[in-house]
Structures are given as structure tokens and as C-alpha cells.
Amino acid sequence: MPELPEVETVKRIIEPQIVGQKILSVTINHPQVIAYPGEHLFVELLTGQTVQSMSRRGKFLTIHFASGDRVVIHLRMTGQLLIAPMDYPIEKHTHFIAELSAGSELRYIDVRRFGRFWYLRADETDAFTGQDKLGLEPLDENLTAAYLQGNLGKRKKTIKEMLHDQSIVAGIGNIYSDEILFASGVYPKEKCLDLDCDDWSRIAKAIKEIIAWGIDTNEMTAEEYLAGKGKEYRNTPHLRVYGRSGQLCAVCQSEIEKITIGGRSSCYCPSCQMKKSIYSDLIK
DNA sequence: CTTCCCCTGAAC
DNA sequence: GTTCAGGGGAAG
């Protein structure tokens, strides 16, 4: 479900509600979501820990404990984290509940059960989650046109696919890659090696602007977040191309098209995001 | 490179 | 009934 802006939203809502809390008890309803180190050890290690902070890296969340231990969480497609009063109804597909000292609960809900939890002890290096392979954060000042062109400029793959490569830029998924390419005016199926300096500049700028916009627009209170069950995000109605095939482009009124790239759907405006080959024919 | 897999549910 | 879904890893 969530990409970087949504995961950041989850972090901003959840962190203030768990900092300083002690975990009194842990219930796991579906062990599949525990990737490491196994259900029973996970429960044993987590019980009694006191939360110090929460952080986000790409689409990963980490809960840091006073002991130095931490829990890394990836929500994948449909994972949701909620802080709920103990008497709040248990949603279907609730796989994990941690009872907190304030009398509330941290709950994990995941319809498709693709999400994963890892418990890492203080002295354990993270060799399990994949976080160590992440590239730059979109808002990192080192993420520039030169960085993108240097890392991707000779690749044959399409720009749409490469924007999903978490080892280059961390946190972009299928929604935001569509939105970023629309904002850049780049045809999603364009091969990286066909893009020029100006294209990379617009893409670098759009990555920052669209991701920052996504985070800002998602801003909400903890009450609103709970009411939306941690799965309703504010910016969804304002996306400009994702999920809008057949509708008219807000900029030029052309009909937004949907194509398949690397096995995933991609929505784009054929007029605002013209293929370079067509464009070069037009300016002859 | 493409295809499949992990899962459930909504839309068609 | 079939297809698709905001992720990611493994297998062919």
C-alpha cells in the first residue's frame, strides 16, 4: 500500500504515541509476518522493551528501544500500523498486537500478509531486512541530476522501472513513479540511456517536489489517522495520473493512457509525456 | 530479461 | 469466473 510519503505519515503519527512506552505484552496471531528471529523469540525479546524513538528509511520503519534493540517493519502492499485504545474493535487481519504501558495498543493489520517484522538485538548488524542496500533518500541533497545520470544514464531499462530500484533512490513505488514522470514530462517507457541532461534535471527536481508534496499533503492528526484505519491517505484524490487512465489530463485535456512496463501498470499523459522519438520527428 | 510467488478482496 | 492491486524476492 504505502510508498515513502505514506510510510513517513505513519511514522509521524505513530512515533509520538509510542515514545517512552513500555511493551507489556505481545500477541501474534499470524507468525508469517515475523521474518526474524522466529515467533517465540520475537515475543520474548520484545516484551518489556521501552520505546526510545521511531525512524523511517525508504519504505522501512524502525522502532528503536532504550536497550539498543530495534524492530524493523516493512508494510509492503497492505500493511497498516495503528495505535488504538484497548477496547477499540479488532480489525479483521490483525496479525500483531503490542500492549503499551499507557493502556493503548500498537496493532499491525495486513490483508495480504506480505508485510514483515524483524527483531534485531543491539549487537546485531542488519543483514536481514535489505535496508543496507538502499540508495539515497529522495530529499537527500546528494540526490542530483548528476547522481541519477551517473548511476542510470547508461542503463537500457526504462526510467519507470529504474525509479523503482530501491538501491538507487529509496522509497519510490508505482504511484509516485507515475506522478514523478508526469511532473518531469518524461514518457515512462523511455530507456534511461536515451535521456539527456535536461531530462535528468527535471526528473531529479520532480522526485524531490512530488515526494515532499506527498508527505505534506498526507499530514493529518492521530484521530483522523485512526478514523481512516491507517489506510486512507489524503493525497490520493489529488494524484494527477496514477489510477486515472481514461480521464483527461488536468494540464492539456488529453486522455490519460495506461500501459504495462516491467509487469506493472503505468498511467501517463501521451501529450505531456511524449516519446522522444515522436518529439524529434515533430521538431524536424 | 520475464514470470511466478507470497495473499485477500474488490472490480469487472 | 478472471483480472488486478500502492512490494519485493526468487526462479526460470
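Each chain gets a letter, A, B and so on, in the order its sequence line appears, and its residues count up from 1. No hydrogens, no waters, no symmetry mates; every other heavy atom, side chains included, goes into these values.
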*Using a cut-off of 4.0 Å on non-hydrogen atoms, how would the nucleic acid contact of His74(A) be classed: base, sugar-phosphate, or nothing?*
sugar-phosphate
*Is Met86(A) isolated, or which residues cluster with it under the ILVMFWY side-chain rule of less than 4.5 Å, directly or via members?*
none
*Can you name the residues that form a side chain to side chain contact (heavy atoms under 4.5 Å, CB included) with Thr47(A), not counting sequence neighbours?*
Val26(A), Val43(A)
Could you pull out the protein-nucleic contacts involving nucleotides 1-5 of chain B (nitrogen or oxygen on both sides, under 3.5 Å)?
none

*Quick one: name the residues clustered hydrophobically with Val241(A), using the 4.5 Å side-chain heavy-atom rule over I, L, V, M, F, W, Y, and just say none if it's on its own.*
Phe182(A), Val251(A), Ile256(A)
*If a pair satisfies ring-ring contact (aromatic ring centres under 6.0 Å, His included) and one of its residues is in residues 47-79 of chain A, list it, with sequence neighbours excluded.*
Phe60(A)-His74(A)
*Just wondering, do Phe114(A) and dC6(B) stack (centres under 5.5 Å, planes under 30°)?*
yes
*salt bridge (Lys or Arg N to Asp or Glu O under 4.0 Å): which pairs involve residues 205-228 of chain A, sequence neighbours left out?*
Lys205(A)-Glu209(A), Glu224(A)-Arg234(A)
_Base-pairing string, 5' to 3', of DNA chain B - Watson-Crick or wobble, under 3.5 Å, | interstrand_ = ||||||.|||||
_Which nucleotide wins on minimum distance to the side chain of Lys59(A), given the candidates dG8(C), dC7(B), dG6(C)?_
dG8(C)
_Filter on ring-ring contact (aromatic ring centres under 6.0 Å, His included), then keep only pairs touching residues 234-266 of chain A, sequence neighbours left out; what's left?_
none
*Please collect all salt bridge (Lys or Arg N to Asp or Glu O under 4.0 Å) contacts where either partner lies in residues 18-46 of chain A, sequence neighbours excluded, each pair once.*
none
_Tell me whether Ile261(A) shares a hydrophobic cluster with Ile203(A), the cluster being built from Ile, Leu, Val, Met, Phe, Trp, Tyr side chains joined at under 4.5 Å._
no
Enumerate, atom names and distances included, each donor-acceptor pair closer than 3.5 Å involving a side-chain atom of residues 183-190 of chain A, sequence neighbours excluded.
residue, atom, partner, partner atom, Å
Ser184(A), OG, Ile180(A), O, 2.6
Glu190(A), OE1, Lys276(A), N, 3.0

Atom pairs and distances, side-chain donor-acceptor, residues 145-155 of chain A, under 3.5 Å, sequence neighbours left out:
residue, atom, partner, partner atom, Å
Tyr147(A), OH, Ile168(A), O, 2.8
Asn151(A), ND2, Tyr147(A), O, 2.9

Can you pull every protein N or O that's under 3.5 Å from an N or O on nucleotides 8-11 of chain B?
residue, atom, partner, partner atom, Å
dT8(B), OP1, Arg113(A), NH2, 2.6
dT8(B), O3', His93(A), NE2, 3.4
dG9(B), OP1, Lys92(A), NZ, 2.9
dG9(B), OP1, His93(A), NE2, 3.0

*Base, sugar-phosphate, or nothing for Tyr242(A), non-hydrogen atoms under 4.0 angstrom?*
base
